[in-house]
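All ligand and atom numbering here is 1-based and tracks the order in the structure. Everything quoted here is computed from the prediction, not taken from an experiment.
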Amino acid sequence: MKFAQEFRKSLQQEGFPQKWVNSAVPYGQLKKCLKKVTNELQELGLDKDTLSQLATTPKDPSTVAFHYHLDGKTTDSKHFRPRLTFFIHLKDGVAVDAKLTPTTRDFLKKIVSRTEDISGSLADELGNENSVPASYNLEKPLLSEEESSLIQKIEVPLVFDGEFFDILQTDVSNLDALQEEEQDKLGKEIVLLGRDINMATKPSKGRKARVDLETWREIFELYLDARVFFSTLESDHGARTSSQAVEQLRWFQTQVLSRKLVHSLKLDNSRQAYTRFLSMNALLVQILKFQEINNLAVTKILKKFDKRTSLSVSRAFPVTVRSNHLLAGSVAKDLCAQMSTELISVVPQLDDYLCPICFAVAYWPVRLECQHIFCSRCLVKMSRKGERFCPLCRADVIMRASLENFDSTRAAFLREYFPKEVKEKIRANERERNREIFGPDYSDSPCSVM
Ligand SMILES: [Zn+2]
Ligand SMILES: [Zn+2]
């Protein structure tokens, strides 16, 4: 299937909102405009074969070559003004390169006589374009010993290439704006959802809230494991494609189902929030997919441009074009970052509250002067061993710790959000202390001696 058809079909079939479809890359229009560009070039004797031949000419100043700049000097930053500039080796006013077709020679001859006043020299092009007077040394031989030869710089006036790149740039800008809008909307939804889940699962609200908090914790743990849109693993680091994201999402949902997590949600609010969470992810997949196919359309039309004109723009355009979103492909990363700060963090994960020494919940929490937090047990043991330095940052703070370093706010938070883990840790601390007092055979099973 031809790309134009394929593109149209996926725009129709993927269920994108009409507003998106309307601002998709106008591939057909660009193709028509490209035809005008090729016609225009052909009329000047600059068909793709001629241009491609000229493009491969080694950079020997005594032969004809050209530059095609996409970012021609322009005062209006919104508009592209590409410039096709020729460097022509003239002898007695005639272009001497043997590779040129008669039409091209004719054209160049005509244009030389017309543009003598605006042309500069090759040296001028290689140096600073602006610093040399426009009528610089047309008479003086520059690079050849032959008396009447000189290199002349000639700008070829084209119209339709400017039109082509304007259409493309305008569309990329529109798509950028659309993307920003969608990203904003989704971002706000993420914040709202985070707030709702936070409100619903406040442990102080009762048993159901506490049960749901545990369930959400498990759901988000799975979600993080799925790395739906962005992988932080070394093996496949980076943003995922939409089809990879779909696969990861499917894995996540299967896990949630098989653990009956949605069924365990006690509150209506929680169940609704889960549905919202899923549709948010689905929308993000759509955004990604839309970005992908438009990106592909831009790549394809630029390749076509190069194929038809030999002007080699497909590498230059993405650099020159001003696109913060579409071509940058940052949407997945941005939104994922937002999800983890605004949404997933409202359900505290145990991993973030572990003591870095014993890997149990850091209870009682002691915050050292360096701000690192350890459980009181581990600190007592360290100071008994005479260790002075924080194991994380090597600051000389352990011996300076006192009762003041107990973090009572953190302790209350841990009791509220991780009651099971805190109880377990208290028991473990007691067991350990008793073993220290009564010896290694101590067991905390009920005493059987009456
Ligand atoms: Zn510890
Ligand atoms: Zn430290």
S243 versus E247, side-chain donor and acceptor atoms under 3.5 Å: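 Short answer, no.
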Side-chain donor-acceptor pair present, S314, D306, cut-off under 3.5 Å: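 D306 and S314 do have a side-chain donor-acceptor pair below 3.5 Å.
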Residue K425 excluded, over 12 heavy atoms near NZ under 6.0 Å: yes
Spacing of OG belonging to S270 relative to NZ belonging to K208, to within rounding of 0.5 Å: 10.5 Å
Angular separation of C355 SG and C378 SG about the Zn ion (ligand 1), given to 10°: 110°
Proximal heteroatom of H372 relative to the Zn ion (ligand 2) (N/O/S): ND1
With the Zn ion (ligand 2) as the apex, the SG/SG angle for C393 and C370 - to 10°: 110°
